[in-house]
Amino acid sequence: MDEQPGPAQTAGGGLDRRADLSEFLRTRRARLKPEDVGLPDFGRRRVPGLRREELAQLAGVSVAYYTRLEQGNGRNVSAEVLDAIARALRLSDAEHAHLMHLAKPKQNKKKPVARSQQVRPALRHLLDSIEGVPAYIVGRRSEILAWNRMAAAVFGDWAELPAPERNWARMVFLRPEYRELFVEWDQKASDIVGYLRMDAGCHPDDPRLSALVGELSVKSEDFRRLWAAHNVKEKSYGVKRMRHPLAGDLTLSFETFRLVDDVEQSLITYHAEPGTPSAEALRLLASWGADATRSGTRASAPSE
């Protein structure tokens with residue numbers, strides 16, 4: 001495997017927030033063209049995107065001020081200036097929130113600990129009571145914390161995996177069966193990295209997140225490429241197409257419900273449009289019970 005630079009880290013093992021801020025701003029600036037923001041284009045550019053002085057002009061700040069920010073020095077920047085820069089860069093809501101986390105992090109008095117997340121017993125009972133609908137709870141670092149029988153039938157029996165391996169990022173990038181399961185694997189992979197980037201902005205000192213990013217950067221070229229793009233995304237809703245080894249092609253809509261008492265945990269549900277072949281396939285999977293779980297996406301040794 002070719003040597004590739006890994007993610008920037010601090011001396012304490014966390015992710016380097018200043019380096020992330022610098023690269024995030026640089027990559028957002030690079031994706032804009034002068035005509036995108038109503039500026040004249042005076043010919044060939046050495047690098048793609050807007051120049052720093054053009055971005056500073058759009059945001060209404062000095063070039064020196066913006067340059068310091070893009071170099072990772074956001075310590076004294078105001079929320080109003082960050083809002084102006086977000087508008088100039090045409091940031092999405094998720095990107096705007098990520099910029100705020102990177103530039104103006106919350107000050108924690110206590111050193112963060114890598115504690116395990118706990119799912120309330122009532123939520124586990126709720127999952128068990130949901131029949132015919134794949135559902136699971138995902139937490140920080142893309143960790144899968146709890147799931148119901150239908151989720152195991154569609155995605156594989158996660159109970160067979162060691163707890164550290166019940167992680168969407170590890171499964172999507174390191175286990176070949178998930179490349180086969182998701183028809184648009186590239187989009188699934190991009191989404192996962194976008195979620196991890198949002199996590200990293202909120203919790204740059206999380207040692208387990210830093211270790212996960214480091215591991216995936218070493219083992220997966222696809223992950224390194226997507227991580228370097230600095231794209232961010234919030235969990236929301238959409239449609240996933242899958243090719244299930246037992247049920248065949250599935251087109252399922254998913255919804256994300258963030259928990260009120262713990263915003264770092266979300267309930268994810270999948271459902272099929274009534275009357276469609278996918279709805280019939282889910283019905284059959286539900287009727288097959290344990291046989292469907294055993295015949296679904298199986299765990300295999302991760303690729304190195």
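Around atom OH of Tyr237, no more than 12 heavy atoms belonging to other residues, nucleotides or ligands sit under 6.0 Å away. Counting heavy-atom neighbours within 6.0 Å of Asp261 CG, excluding the residue itself, gives a total above 12. Counting non-hydrogen atoms of other residues, nucleotides and ligands closer than 6.0 Å to CD of Glu273 gives a total of 12 or fewer.
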Begin with the C-alpha distance, continue with both residues' side-chain angles, and end with the deciding distance and a verdict on ring pair (Phe, Tyr, Trp, His ring centres under 6.0 Å) for Phe173 and Trp168. CA-CA 8 Å; Phe173 286 99; Trp168 269 122; over 10 Å; no

Derivation of the ring pair (Phe, Tyr, Trp, His ring centres under 6.0 Å) call for Phe155 and Tyr270: CA-CA 11 Å; Phe155 299 109; Tyr270 285 76; 5.2 Å; yes

Can you list the steps and then say if Asp249 with His244 is a side-chain hydrogen bond (donor to acceptor under 3.5 Å, both in side chains)? CA-CA 6 Å; Asp249 290 346; His244 192 274; over 6 Å; no

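For the side chain to side chain donor-acceptor pair (under 3.5 Å) test, residues two or more places apart in sequence or in another chain that qualify with Glu215 are Arg170, Lys219.
Look at Asp222 and Arg225 and you find a salt bridge, because one of the NZ, NE, NH1 or NH2 atoms lies within 4.0 Å of a carboxylate O, short of that distance. Glu180 has no carboxylate O lying under 4.0 Å from a charged side-chain N of Arg243, or vice versa, which leaves the two without a salt bridge.
Side-chain contact check for Lys233 versus Ile192: every heavy-atom pair is 4.5 Å or farther apart.
Ring centroid separation for the pair Phe254 and Tyr136 does not come in under the 6.0 Å cut-off.
Between Ala135 and Ala151, the shortest heavy-atom distance links the atoms O-CB, 3.5 Å.
Cation-pi check for Arg179 over Trp185 is met; the charged atom lies under 6.0 angstrom from the ring centroid and within 45 degrees of its normal.
We find the NE2-CD1 distance between His271 and Ile130 to be 13.0 Å, quoted to the nearest 0.5 Å. The structure places CG of Leu32 at 5.0 Å from CG of Leu50, a figure rounded to the nearest 0.5 Å.
The stretch residues 55-76 participates, sequence neighbours left out, in no ring pair (Phe, Tyr, Trp, His ring centres under 6.0 Å) pair at all.
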